[in-house]
Amino acid sequence: MDSIKENWELIKQTIKKEYDLSNISYNTWVANLNFYSVEKDVVTILIPSDQAHALSYITNKYKSYFQVTITEMMDHEYDISFILEKDVDENDNSMALKPQYNINYEKANLNPKYRFDTFVVGSNNKFAHSASLAVAESPGEAYNPLYLYGGAGLGKTHLMHSIGHFVLNQNPNMKVLYVTSEQFTNEVIESIRSGNAAAMTKLREKYRTVDVLLIDDVQFIIGKESTQEEFFHTFNVLHSSGKQIILSSDKPPKEMETLEERFRSRFEWGLISDIQPPDYETRMAILKKNAESYSKEVDNEIFKYIATNIKSNIRELEGAFNKIIAFSKLNNVDITLDIAEEALKDIIYPDKPKEISPSFIINVVSEQFGVNPEDITSKKRNSEFVEPRQVVMYLCRSMTDTSYQNIGKILGKKDHTTIIHGVNKITEELKNNEELKNKIEIIRKKINPS
Ligand SMILES: Nc1ncnc2c1ncn2[C@@H]1O[C@H](COP(=O)(O)OP(=O)(O)OP(=O)(O)O)[C@@H](O)[C@H]1O
């Protein structure tokens with residue numbers, strides 16, 4: 001225990017070296033983090049109060065670095081928790097913590113990037129946005145359930161996470177849980193498969209004791225018998241005790257053909273809101289907001305070019321911009337209209353049907369695995385990036401005609417043998433791994449809804 005404290009500087013330096021952090025990243029995010037305590041194998045780390053805004057970013061990005069490094073250095077498995085200095089109770093001699101926000105935040109499974117302040121409101125999503133905000137302000141009271149539907153990549157997930165963040169910021173004691181239908185299905189199947197009554201009890205406790213439950217892509221639950229049954233009861237328990245439920249789907253309940261009446265009526269109890277594809281102005285605004293995190297100035301012509309040509313899916317819109325940036329970095333050229341056209345030539349064919357690009361695949365896969373696209377194309381060998389990277393290799397081969405060499409190039413200058421190995425690994429894995437099969441099926445549908 002003491003040894004973690006004694007070795008604190010060494011731990012941070014090891015992280016800097018192992019994860020190849022630049023001086024600026026290290027000095028901004030890691031250097032100021034201090035050791036606070038170890039209790040029941042949980043190491044608590046203090047974040048300076050003036051970095052309160054970065055709590056979720058630091059938790060998301062650096063938690064696993066600390067966990068792996070400390071566990072390896074101490075030869076003992078630890079979990080990591082972060083706490084703001086200002087949340088340490090100064091009046092309490094034992095320096096008791098108030099980590100409720102942290103614990104609830106970590107359990108909520110939220111993406112720190114998807115917040116109301118990063119969501120661009122346009123005429124296509126105005127209603128869904130205000131309904132989401134109303135639900136976030138008064139969970140369980142405004143509309144219950146809130147049912148958001150719309151085509152692929154139009155911002156349903158982004159709005160759901162925004163609700164979660166808002167609720168937790170307003171009231172850190174709230175229990176919020178975001179889950180994809182895929183995760184929910186896997187957990188139900190796993191607890192049934194285990195044949196262990198305690199596992200089922202645990203699952204029910206997890207889902208039936210929350211204040212706000214967000215279930216994404218509910219269409220993937222419908223028709224899966226035991227999962228939909230479990231979901232039905234969860235819904236009833238939560239709704240009858242006034243807890244907020246938020247659902248998303250690709251269609252309104254009345255157009256879901258296999259939806260049983262008992263679900264249809266429940267989904268219609270609260271408020272149903274659609275999200276339409278964004279108009280030109282909204283597409284421009286989203287692109288510009290996205291470009292804020294890019295350090296160089298980008299000419300308006302580039303945004304216009306993307307916004308004019310990519311209309312129906314915001315994920316594709318963002319993917320196109322990222323592709324131009326990656327193309328300019330890889331070839332060491334400035335971003336001009338010619339370069340943008342060249343970079344997007346496999347996505348934008350004015351008169352031909354749209355093709356699936358590897359960068360779009362990277363976007364969808366990283367979203368589904370909860371990692372950043374940059375980590376997929378990086379050289380990092382952390383286990384959480386290896387599988388999604390191999391899934392990208394596999395899908396690029398099966399859904400596009402990109403060569404092994406070119407997939408290697410896109411994935412951070414990797415050798416073509418690495419790509420062949422990755423594709424084979426996933427092909428083999430799919431023979432026995434139902435969870436992965438399910439995941440890849442969902443990813444395929446998101447990449448190519450038709
Ligand atoms: N109005 C918006 N402002 C800013 N970004 C947006 C907006 N709408 C969508 N996005 C971005 O587009 C991407 C796709 O959005 P999201 O995942 O929320 O779509 P979705 O409707 O849930 O799609 P799917 O049904 O395929 O899961 C995300 O990166 C999200 O941040």
Side-chain angles (χ1 to χ4, degrees), residues 109-133 146-165 178-184 214-222 246-252 255-256 272-294 303 306-307 310-323 356 359-374 376 439-450:
N109 195 17
L110 299 175
N111 181 332
K113 285 194 291 192
Y114 295 167
R115 304 183 314 269
F116 281 124
D117 60 337
T118 55
F119 189 83
V120 175
V121 183
S123 54
N124 62 312
N125 57 28
K126 209 170 167 178
F127 185 67
H129 173 262
S130 55
S132 299
L133 189 59
L146 173 65
Y147 183 103
L148 301 170
Y149 75 90
L154 293 183
K156 301 180 292 294
T157 304
H158 192 136
L159 274 180
M160 297 177 94
H161 285 260
S162 307
I163 297 173
H165 284 295
Y178 165 87
V179 70
T180 61
S181 296
E182 183 205 348
Q183 285 164 299
F184 185 75
L214 304 123
I215 299 207
D216 208 352
D217 287 326
V218 72
Q219 73 272 19
F220 294 124
I221 286 181
I222 300 309
I246 297 125
L247 305 167
S248 84
S249 173
D250 58 344
K251 292 190 191 81
E255 283 176 26
M256 288 171 75
I272 297 177
S273 171
D274 67 331
I275 305 189
Q276 292 293 325
D279 56 20
Y280 177 77
E281 283 73 28
T282 314
R283 298 201 293 277
M284 285 293 278
I286 290 172
L287 281 169
K288 287 183 179 174
K289 181 133 199 145
N290 224 352
E292 282 171 7
S293 56
Y294 181 59
F303 296 131
I306 306 173
I310 296 178
K311 296 181 178 154
S312 58
N313 184 329
I314 296 168
R315 193 177 288 123
E316 284 185 10
L317 201 69
E318 292 180 342
F321 180 72
N322 293 340
K323 182 151 195 221
I356 293 161
S359 64
F360 185 52
I361 294 179
I362 292 172
N363 262 13
V364 179
V365 171
S366 48
E367 212 177 291
Q368 212 63 19
F369 277 86
V371 298
N372 290 321
E374 305 83 66
I376 296 231
K439 194 171 203 123
I440 290 186
E441 193 187 317
I442 291 172
I443 294 173
R444 274 185 189 280
K445 281 191 190 143
K446 290 201 175 208
I447 294 170
N448 190 2
S450 59

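First listed ligand is number 1; within each ligand, the first listed atom is number 1.
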Thr118 side chain to Lys113 backbone, donor-acceptor under 3.5 Å: yes
Non-neighbouring partners of Glu281 that pass salt bridge (charged side-chain N to carboxylate O under 4.0 Å, His left out), sequence neighbours left out: none
Tyr178 backbone acceptor or donor facing Asn109 side chain under 3.5 Å: yes
Under 3.5 Å: donor-acceptor pair, side chain of Asn322, backbone of Glu374: no
Side chain Ser248, main chain Asp217, donor-acceptor under 3.5 Å: yes
Close-range residues for ligand 1, whose non-hydrogen atoms fall below the 4.0 Å threshold: Tyr114, Thr118, Phe119, Val120, Asn125, Gly151, Ala152, Gly153, Leu154, Gly155, Lys156, Thr157, His158, Asp217, Ile286, Ile314, Arg315, Glu318, Glu367, Lys446
Side-chain donor-acceptor pair present, Tyr147, Ser249, cut-off under 3.5 Å: yes
